[in-house]
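As structure tokens, the structure follows; a few thoughts come after it.
Nothing here was measured: the structure is a model prediction, and the numbers come from that model.
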Amino acid sequence: METSILTATKKILGLADDYIAFDHDVITHINTAFSTLTQLGVGPAEGFMIEDATAVWDDFLAMADDLQYNSIKTYVYLRVRMLFDPPSTSFVIAALNEQIKELEWRLNVHREETGWVDPDPDTTPPTDPDYPWYPRKVANG
């Protein structure tokens with residue numbers, strides 16, 4: 001059975017499924033996390049958002065491999081936790097922020113290793129005469 005993104009996130013936050021008072025807040029923070037993931041190049045290129053409990057993890061993670069699957073779920077939870085219910089002590093806040101940074105770094109490195117595309121490819125012709133496709137002058141003859 002597929003797991004609802006909202007339901008899973010609420011469970012980790014300690015909110016009951018049937019308690020909907022904070023659904024709008026949690027959905028907003030989940031979408032913020034998805035926006036950041038999109039900017040990191042993780043998930044659908046066109047972006048992703050949820051509106052209710054019908055969206056499931058496979059909708060977002062269909063293209064993710066097993067190494068990313070749990071990291072993405074943890075990342076979304078940590079982001080939502082820091083926005084929705086931040087810890088009261090600075091030590092826990094610092095620890096969670098470090099986990100968020102590490103997950104962003106790991107997800108970004110994984111994306112670069114598996115699907116990086118040069119956003120600004122060099123299209124200028126080479127200037128090195130030893131380069132095989134260097135344009136040669138043709139002698140008039």
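- Every residue two or more places apart in sequence or in another chain that forms a side chain to side chain contact (heavy atoms under 4.5 Å, CB included) with F84 is listed here: L13, L15, F22, D25, V26, H29, V80.
- Going from atom CG of L40 over to atom CG of L107 covers 7.0 Å, rounded to the nearest 0.5 Å.
- By the side-chain hydrogen bond (donor to acceptor under 3.5 Å, both in side chains) test, S88 is found to be paired with no residue, residues two or more places apart in sequence or in another chain being considered.
- Pairs passing the salt bridge (charged side-chain N to carboxylate O under 4.0 Å, His left out) check and including a residue from residues 95-105, sequence neighbours excluded, read R79-E104, E98-K101, E102-R106.
- Judged as a ring-ring contact (aromatic ring centres under 6.0 Å, His included), and not counting sequence neighbours, Y75 has no contacts.
- L96 and Y77 end up in the same hydrophobic cluster when Ile, Leu, Val, Met, Phe, Trp and Tyr side chains are linked at under 4.5 Å.
- Transitive grouping of hydrophobic side chains (ILVMFWY, heavy atoms separated by less than 4.5 Å) brings V42 and Y69 into a common cluster.
- Here F91 pairs with nothing under the ring-ring contact (aromatic ring centres under 6.0 Å, His included) rule; sequence neighbours left out.
- I93 and P87 get closest at one heavy-atom pair: CD1-O, 3.3 Å.
- Under the salt bridge (charged side-chain N to carboxylate O under 4.0 Å, His left out) criterion, the residue pairs touching residues 10-20 are K10-D23, with sequence neighbours excluded.
- With values rounded to the nearest 0.5 angstrom, N70 atom CG is found 10.0 Å from W57 atom CH2.
- Residues forming a side chain to side chain contact (heavy atoms under 4.5 Å, CB included) with A53 (at least two apart in sequence, or on another chain): S4, L6, T7.
- When all heavy atoms of I50 and I27 are compared, the pair lying nearest together is O-CG2, 3.5 Å.
- With sequence neighbours excluded, the residues satisfying side chain to side chain contact (heavy atoms under 4.5 Å, CB included) with T28 are H24.
- Here D52 pairs with T54 under the side-chain hydrogen bond (donor to acceptor under 3.5 Å, both in side chains) rule; sequence neighbours left out.
- Every residue meeting the side chain to side chain contact (heavy atoms under 4.5 Å, CB included) condition with N108, not counting sequence neighbours, appears here in chain and number order: R111, E112.
- Hydrophobic cluster membership is shared by I30 and I12, with clusters built from Ile, Leu, Val, Met, Phe, Trp and Tyr side chains linked at under 4.5 angstrom.
- Applying the ring-ring contact (aromatic ring centres under 6.0 Å, His included) test to F48 and every residue at least two apart in sequence or in another chain returns F34, F60.
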Might you work through the side-chain contact (heavy atoms from CB on, under 4.5 Å) test for M82 and N97, ending with a clear yes or no? CA-CA 8 Å; M82 290 300 291; N97 281 331; 3.5 Å; yes
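- When the side chains of ILVMFWY residues are joined at heavy-atom separations under 4.5 Å, either directly or via intervening members, V109 and L103 end up in two distinct hydrophobic clusters.
- Sorted by first then second residue, the side-chain hydrogen bond (donor to acceptor under 3.5 Å, both in side chains) pairs that include residues 32-46, not counting sequence neighbours, number zero.
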